[in-house]
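Numbering starts at 1 and runs along the sequence shown. When a ligand or atom number is given, it counts from 1 through the structure's own listing order. Predicted, not measured: the structure shown is a model, and the values here were computed from it.
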Amino acid sequence: MSVSHSLHLRLFAPPPTVIPTHAPLPPPTLLLPRHRRLPSLRSSSSPEILVSDNNGVPAPPSDPSSIEVDAVTAAELKENGFRSTRRTKLVCTVGPSTCGFEQLEALAVGGMNVARINMCHGTREWHKEVIDRVRRLNHEKGFAVAIMMDTEGSEIHMGDLGGASSAKADDGEIWTFSVRAFDSTRPQHTINVNYEGFAEDVKVGDELLVDGGMVRFEVIQKIGPDVKCRCTDPGLLLPRANLTFWRNGSLVRERNAMLPTISSKDWLDIDFGIAEGVDFIAISFVKSAEVITHLKSYIAARSRDSDISVIAKIESIDSLKNLEEIIQAADGAMVARGDLGAQIPLEQVPSAQQRIVQLCRQLNRPVIVASQLLESMIEYPTPTRAEVADVSEAVRQQADALMLSGESAMGQYPEKALTVLRNVSLRIERWWREEKRYEAMLLPSVGSYFSEKISEEICNSAAKMANNLEVDALFVYTKTGYMASLLSRCRPDCPIFAFTTTSSVRRRLNLQWGLIPFRLSFSDDMESNLNRTFALLKARNLIKTGDLVIAVSDMLQSIQVMNVP
Ligand SMILES: Nc1ncnc2c1ncn2[C@@H]1O[C@H](COP(=O)(O)OP(=O)(O)O)[C@@H](O)[C@H]1O
Ligand SMILES: C=C(OP(=O)(O)O)C(=O)O
Ligand SMILES: [K+]
Ligand SMILES: [Mg+2]
């Protein structure tokens, strides 16, 4: 690398982990005038498939030519340039509409960063097949789609309707909600309830809400394990829909409030997730930080590299009460608006969303905004204007990720829904950058150790420099991903190329705002890392001579500003 063309600002701070370089520092020199990158209008050569994902195992150091990035990202970078890459990440729930290999591939091509499997539905065998297909997709096509397993949780919900995709409840109809299990034949107008205490806890006169009010019933009679209810708001009952009951306008939290957050079935699913090496485990109906801490030590004791991130789903009153400690304990959070909206008044959901998104960013945890973003697209090929406004708001809040649920799991237009998320994200992000409308956000110190505090200061400064100098990209060399997340937290104007040594870290970084994760084996010698990266990226036409980059590294805790030689 022609060091004379670069200004090195190295902030040496020697915590024990830093390996000092013996190479003498080049004298600081002024930056050359910046060569503005012209968007290259590529037309030929289809997106090439880069080195495949090798499932957590770093490529042997003997293969220095390997750099892993997926074909879609590479094509996007080449066609649109750095600045216009999408910063907001996209999660798709995989269900019957999207479980085939070609369907999953179409989602990956359409921008899916994380595939979510919901253990409320389907069998473990079914989910295993989906995981295997995503793995094959990553392996064969160079994607880094991460897998998130979402637990069922032990809140009250209906049974699975004996295989029917839905059941219609009409106004005034009498339905029986029963804690009895039915074998194959479910009697007409009868719904099984998973919670044994249900028939004892409800009272005549209570209001029973399905999915937070999509369908409503009034309890009229209790007969042993059966509860007779009259439908007061008609609608469609979906398999395993959530049930809440209300008395005098308040949510009733009887003994069900004492149900464990992680049920015995959830523990079996978690064992399955660990055995399958999923990247994220999302825990439903989290009430306190303890359950997260407990699960994290359980995973640490069982998983090879304990490299599964735990996502706390914020979807209950209790989780809002203990929000800060839950987010601190978790590796990320989800604003699970579906169930949250069944526990707090709907009009309070937007402010809760804003608060959770802000707090996550302050505490440096990725956050996903989920549920009903494009609900009408389950049935229709275009979204409502209101849905587009809702998606825009989540993008404007700079949430790390948006999630599709029914739209991709069982909807008729999964790919179209994903395209809407992608296009709205790109448009709002561009508008936000052009207008320079960033809301100043106080980012409190998050590091607990001195070396973490140094990393944090470096990332804050690097992001600020990147904005002020209008650089093309930030580069971060990170083994654990920590420095990359600290940069992402600053939500800089330019994209962040995150180079990491393992495929599993690369997949997990795929959930975080603005990060373009690459897998690359690198050394502690930044000079040679940069030279190699420039050569590899130039060979793939991903960067050009003259592009201005700022590089930070968690080995040297340094900031370097340079034009690509
Ligand atoms: N693995 C699956 N098998 C069958 N249906 C599924 C599966 N995953 C999701 N679905 C369907 O997609 C809908 C929306 O998915 P999701 O939001 O994850 O679940 P829920 O609405 O039950 O919380 C579900 O209600 C269910 O009908
Ligand atoms: C994402 C959610 O959880 P699930 O789909 O598992 O109910 C939600 O309730 O919004
Ligand atoms: K779930
Ligand atoms: Mg939920």
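For the atom pair CD (Glu387) and OG (Ser392), the distance works out to 11.5 Å, reported to the nearest 0.5 Å.
Shown in contact with Met334 at under 4.0 Å from a heavy atom are these atoms of ligand 2, numbered in order with element: 1 (C). Of all atoms in ligand 2, listed by their number and element, those nearer than 4.0 Å to a heavy atom of Glu315 are 2 (C), 3 (O), 8 (C), 9 (O). Atoms of ligand 2 found under 4.0 Å from any heavy atom of Gly338, numbered from 1 in the order shown, are 8 (C), 9 (O), 10 (O). Those atoms of ligand 1 that come under 4.0 Å of a heavy atom in Arg116, given as number and element, are 18 (O).
Between the side chains of Arg87 and Thr85, a donor-acceptor pair is found at a separation under 3.5 Å. For the 3.5 Å distance criterion, the side chains of Arg116 and Thr93 qualify, holding a donor opposite an acceptor. At a cut-off of 3.5 Å, with distance as the only test, no side-chain donor of Glu429 or Trp431 sits close to an acceptor on the other residue. Side-chain N/O atoms of Arg337 and Gln353 include a donor and acceptor closer than 3.5 Å. Asn242 and Asp339 form a side-chain donor-acceptor contact under 3.5 Å, judged by distance and modelled atom types alone.
Protein heavy atom in closest approach to atom 15 (O) of ligand 1: Gly406 N, 4.0 Å. Scanning all protein heavy atoms for the shortest distance to atom 9 (C) of ligand 1 gives Ala409 CB, 3.5 Å. Of the protein's non-hydrogen atoms, Asp339 OD2, 3.0 Å is the one closest to atom 7 (O) of ligand 2. For atom 23 (O) of ligand 1, the closest heavy atom belonging to the protein is Asn118 ND2, 3.9 Å. In terms of protein heavy atoms, atom 10 (O) of ligand 2 is closest to Ser371 OG, 2.5 Å. From the protein, the heavy atom lying nearest to atom 21 (O) of ligand 1 is His121 NE2, 4.7 Å. Protein heavy atom closest to atom 5 (O) of ligand 2, with residue, atom name and distance, is Arg116 NH2, 3.1 Å. For atom 17 (O) of ligand 1, the closest heavy atom belonging to the protein is Ser405 CB, 3.1 Å. Among protein heavy atoms, the minimum distance from atom 2 (C) of ligand 2 is reached at Ala336 CB, 3.6 Å. In this structure, atom 3 (O) of ligand 2 lies nearest to the protein heavy atom Lys313 NZ, 2.8 Å. Scanning the protein heavy atoms around atom 13 (C) of ligand 1, the nearest turns out to be Met410 CG, 3.7 Å.
Comparing Ala336, Pro239, Ser166, Pro96 by heavy-atom distance to atom 4 (C) of ligand 1, the nearest is Pro96.
Ion pairing of Lys168 with Asp170 is present here, as a side-chain N (NZ or NE/NH1/NH2) and a carboxylate O approach within less than 4.0 Å.
Looking at heavy atoms from C-beta onward, Ile283 lies out of side-chain contact with Asp266 at the 4.5 angstrom threshold.
Glu325 CD: more than 12 foreign heavy atoms inside a 6.0 Å radius. Other residues, nucleotides and ligands place no more than 12 heavy atoms under 6.0 Å from the CG atom of Asn248.
Only protein atoms were considered; those of element N, O or S under 2.8 Å from the Mg ion (ligand 4) number 2.
Counting heavy atoms under 4.0 Å from ligand 2, residue Asn118 touches it through the side chain alone. If you look at Thr93 next to ligand 1, the close heavy atoms, those under 4.0 Å, all belong to the side chain. Of all the heavy atoms of Arg337, the ones lying under 4.0 Å from any atom of ligand 2 belong exclusively to the backbone.
Checking only distances, Trp126 never comes within under 3.5 Å of ligand 1, N or O to N or O. Of the N or O atoms in Met403, none lie within a sub-3.5 Å distance of an N or O in ligand 2.
Distance remark: protein heavy atom present below 4.0 angstrom from atom 25 (O) of ligand 1.
When each of Arg365, Lys296, Arg508 is checked for a side chain to side chain donor-acceptor pair (under 3.5 Å) with Asp331, only Lys296 meets the rule.
Here the closest non-hydrogen pair linking Gly341 and Leu346 is O-CD2, 3.5 Å.
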